[in-house]
Visitor: 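This is the structure, below, for whatever I ask next.
Lettering of chains follows the sequences in order, A, B, ..., and the numbering in each one begins at 1.
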There are 2 protein chains.
Amino acid sequence: MDMREIAKLAGVSSATVSRVINGSSLVRPETVERVRKVIDEVKFFPNNSATTLKYGRSGTYGLIIPDITNPFFPEFIKSFEGIVVENDQEMLMATTDFHSGRMQQSIRRMLIRKVDGVALLASEIETEPFEDLIQNRVPLVTMDRGHIGNGLSDVAINNKSGMDQALRHLKDLRHKKIGYIGGFAGLTISDHRVEAFMRALKRVDIVPRPEFIKVGNYRITGGMTAMTELLSLKDRPTAVLAANDLTAIGGMRAAMKMGFSIPGDLSIIGFDDIDMSDIVHPPLTTLRLSRHELAKVFFDALEHLKSKPHAQGEQLSVKTSLIVRESTGPAPKRSV
Amino acid sequence: MDMREIAKLAGVSSATVSRVINGSSLVRPETVERVRKVIDEVKFFPNNSATTLKYGRSGTYGLIIPDITNPFFPEFIKSFEGIVVENDQEMLMATTDFHSGRMQQSIRRMLIRKVDGVALLASEIETEPFEDLIQNRVPLVTMDRGHIGNGLSDVAINNKSGMDQALRHLKDLRHKKIGYIGGFAGLTISDHRVEAFMRALKRVDIVPRPEFIKVGNYRITGGMTAMTELLSLKDRPTAVLAANDLTAIGGMRAAMKMGFSIPGDLSIIGFDDIDMSDIVHPPLTTLRLSRHELAKVFFDALEHLKSKPHAQGEQLSVKTSLIVRESTGPAPKRSV
DNA sequence: GTGAAAGCGCTAACAA
DNA sequence: TTGTTAGCGCTTTCAC
């Protein structure tokens, strides 16, 4: 069933059918109606691959994420898919599992499928693999890489204001020994967050202590391991910031397992505000990063790049804000 | 950059390039090498839409799910994507949000994109909307609908053995008053599970009590509401089964808020065994449904249907098994 | 073992 | 306002 068939049934040419489907205004209303009727009757739907072939564009945005199992991402995907579909486009999702081979593969999938742009929320590798995207003039929007270029925009997570709020909050609670559990070492996004933490620490006049900085893996397990190390120190922190909520939740689990009470002995602050954060016990104080806002920023940035193919990208940013729940409290009088 | 260009650079015809790319054995090894070299040099990748147009097949499987925010699904998607990509195919995901409009739209997206088959894990509506899929001869594999047909297979979740294990477990713990919190009313998949529950109850010689059956929404909120109602009964259950883990977790939260201890006053059993189940407090006893196994069954069923286009589908099934953790314990001596 | 050419379904320039 | 037609990039039959 193709447009020629519809054309025959409606007694017009396939060009007219095409015009009707694409809402061209130069078709006589009666003709439009006649064609519409046939389309409905035979439940015709156009073949996207022909259009894609013709245009060299698929009406699809690619989305590459590291780990769909981290609740942050489904919440993001949901918003992103909603926005994309609302705008009559399609989403092609790929997961890298923090693995650079999978990343390469994902990018190839995007290229082959002729996506109109890629939202890249993964960060395992630096610049190398997504150069193929740039070279093929596929608009690209990255997260927290701090690099822009032709057809390349970046969305920074504004750690600064959030971190400041978090540390101010802890300082108000009289915490002085504050630890940090990051993501993987070597990822720009992780590094940014660590650096933001160090700088924010100085802003509230606390001297960073290297032994209080640990790496995790953005998952519960990493949080557990890192927290266990942190709490095994003779002189241990009384408060810990985590690179994401999962890490923080893992940290809470480990701390509680070791007999520490939260927030009595130890305060913990997460990052993201996934739904789960409000459900764990105690509910997690965290830096909220709105998934919906983030999705919108990515989408708009992609559209912008698509509309001006060779233009310089923009450095965008989204804010985080502190949500105080019950995992933070006054610093203990003395270390337990 | 297309095959003709590669052909020119390698001094062959585009037909030969095509043959090389598709691994045809009728090309002289030296020619293959020459072409390969050019391909690598210019980083050529074929345009999928041309192939799709030619074949009428996109090498893509559609996946329709209700709610990506339920941790069960990301875990499934991850496995499914892995299997699909391993087999050089693509996955096109759509979310319905338990909304039949979104379902229609999702199916249309699949049709337009010429998917080779659809895995349908959503269940809001009955048969109507996916008839378009059948009519267009798109293989379809559904979950727990109990209907098969030409090009239509179904994967049943074998509730029977799992439910029996769950109820046997509760009976051993001396529970007699057992409640159930289902999914939405009116969804076949929910109804199946309720019925399975009722039958299993009889098998352990317990008379079902209508007031002990509540509906939820497959989310935490639904579990909370339903549990609150259940525990407000004068004569309340001492154990509750939930249609999924999220519901069970919501139920635990509500019960604890109302001052009941788990499992002291109330035992709870979930369904799915999402990662979170092991992390909540107390860790949830649940009926595990392996996401990876499920994904594999769906994929294989799809491949099978694709290979024999007009053949009758199969009724498949996957098993569930009871994972005992700490949310179940002996029935209280008397109601609190 | 390799090449020429037709055709998949759609769109847009051009013609009428 | 509508129709004719070329061509997007690939595969495959048929010729050589």
Visitor: 5' to 3' on DNA chain C, which nucleotides open and close the contacts with chain B (atom under 4.0 Å from a heavy atom)?
Guide: dG1(C) to dG9(C)

Visitor: Without decimals, in angstroms, what is the distance between Arg4(A) CZ and dT4(D) P?
Guide: 12 Å

Visitor: What is the distance from OH of Tyr55(B) to C1' of dT12(D), rounded to the nearest Å?
Guide: 8 Å

Visitor: Is the number of heavy atoms from other residues, nucleotides or ligands under 6.0 Å of Gln315(A) CD greater than 12?
Guide: yes

Visitor: Is Arg219(A) reaching over with its side chain to a backbone N or O of Asn70(A), donor-acceptor style, under 3.5 angstrom?
Guide: no

Visitor: For the helix from dG1(C)-dC16(D) to dA16(C)-dT1(D), what angle lies between the axis at the first five pairs and the axis at the last five pairs, to 10 degrees?
Guide: 40°

Visitor: What is the distance from atom NE2 of His99(B) to atom CD of Gln105(B), rounded to the nearest 0.5 Å?
Guide: 10.0 Å

Visitor: Quick one: sort the Tyr61(A) and Phe80(A) rings into parallel, tilted or perpendicular, breaks at 30° and 60°.
Guide: tilted

Visitor: Find which nucleotide of DNA chain C each of Arg19(B) and Ser49(A) is nearest to by heavy atoms, and output the residue with the more 5' nucleotide.
Guide: Arg19(B)

Visitor: Rounding to a whole Å, what distance do you find between Asp2(B):CG and dC8(D):C1'?
Guide: 9 Å

Visitor: May I have the distance from Asn22(B) (atom CG) to dG9(D) (atom P), rounded to whole angstrom?
Guide: 17 Å

Visitor: Are any of Ser13(A)'s side-chain N or O atoms less than 4.0 Å away from OP1 or OP2 of dT2(D)?
Guide: no

Visitor: For the pair Asp154(A) (side chain) and Gly146(A) (backbone), establish whether a donor and an acceptor sit closer than 3.5 Å, ignoring hydrogens and angles.
Guide: yes

Visitor: Look at all strands and tell whether Thr31(B) reaches a base, only sugar-phosphate, or nothing, counting heavy atoms closer than 4.0 Å.
Guide: sugar-phosphate

Visitor: Does the plane of the ring in Phe76(B) sit parallel, tilted or perpendicular to the ring in Phe298(B)? Use 30° and 60° as the thresholds.
Guide: perpendicular

Visitor: Would the distance check show the side chain of Arg291(B) and the main-chain N or O of Asp272(B) forming a donor-acceptor pair, the cut-off being under 3.5 Å?
Guide: yes

Visitor: Rounding to an integer number of Å, can you tell me how far Lys8(B) NZ sits from dG9(D) P?
Guide: 12 Å

Visitor: Nearest-Å distance, CE (Met3(B)) to C1' (dT12(D))?
Guide: 12 Å

Visitor: Just how far, in rounded Å, is P of dT13(D) from CG of Leu26(B)?
Guide: 11 Å

Visitor: Go nucleotide by nucleotide along DNA chain D from the 5' end; which of Arg28(A) and Val17(B) gets its closest nucleotide reached first?
Guide: Arg28(A)

Visitor: Take the protein atom CG of Asn47(B) and the nucleotide atom C1' of dG7(D), then report the distance between them rounded to whole Å.
Guide: 14 Å

Visitor: Heavy-atom distance under 4.5 Å between the side chains of Asp2(A) and Glu5(A), does that happen here?
Guide: yes

Visitor: Which nucleotide in the set dG3(D), dG7(D), dG9(D) lies at the smallest distance from any side-chain heavy atom of Ala15(A)?
Guide: dG3(D)

Visitor: Shortest non-hydrogen contact from Ser106(B) to Ile64(B)?
Guide: CB-CD1, 4.0 Å

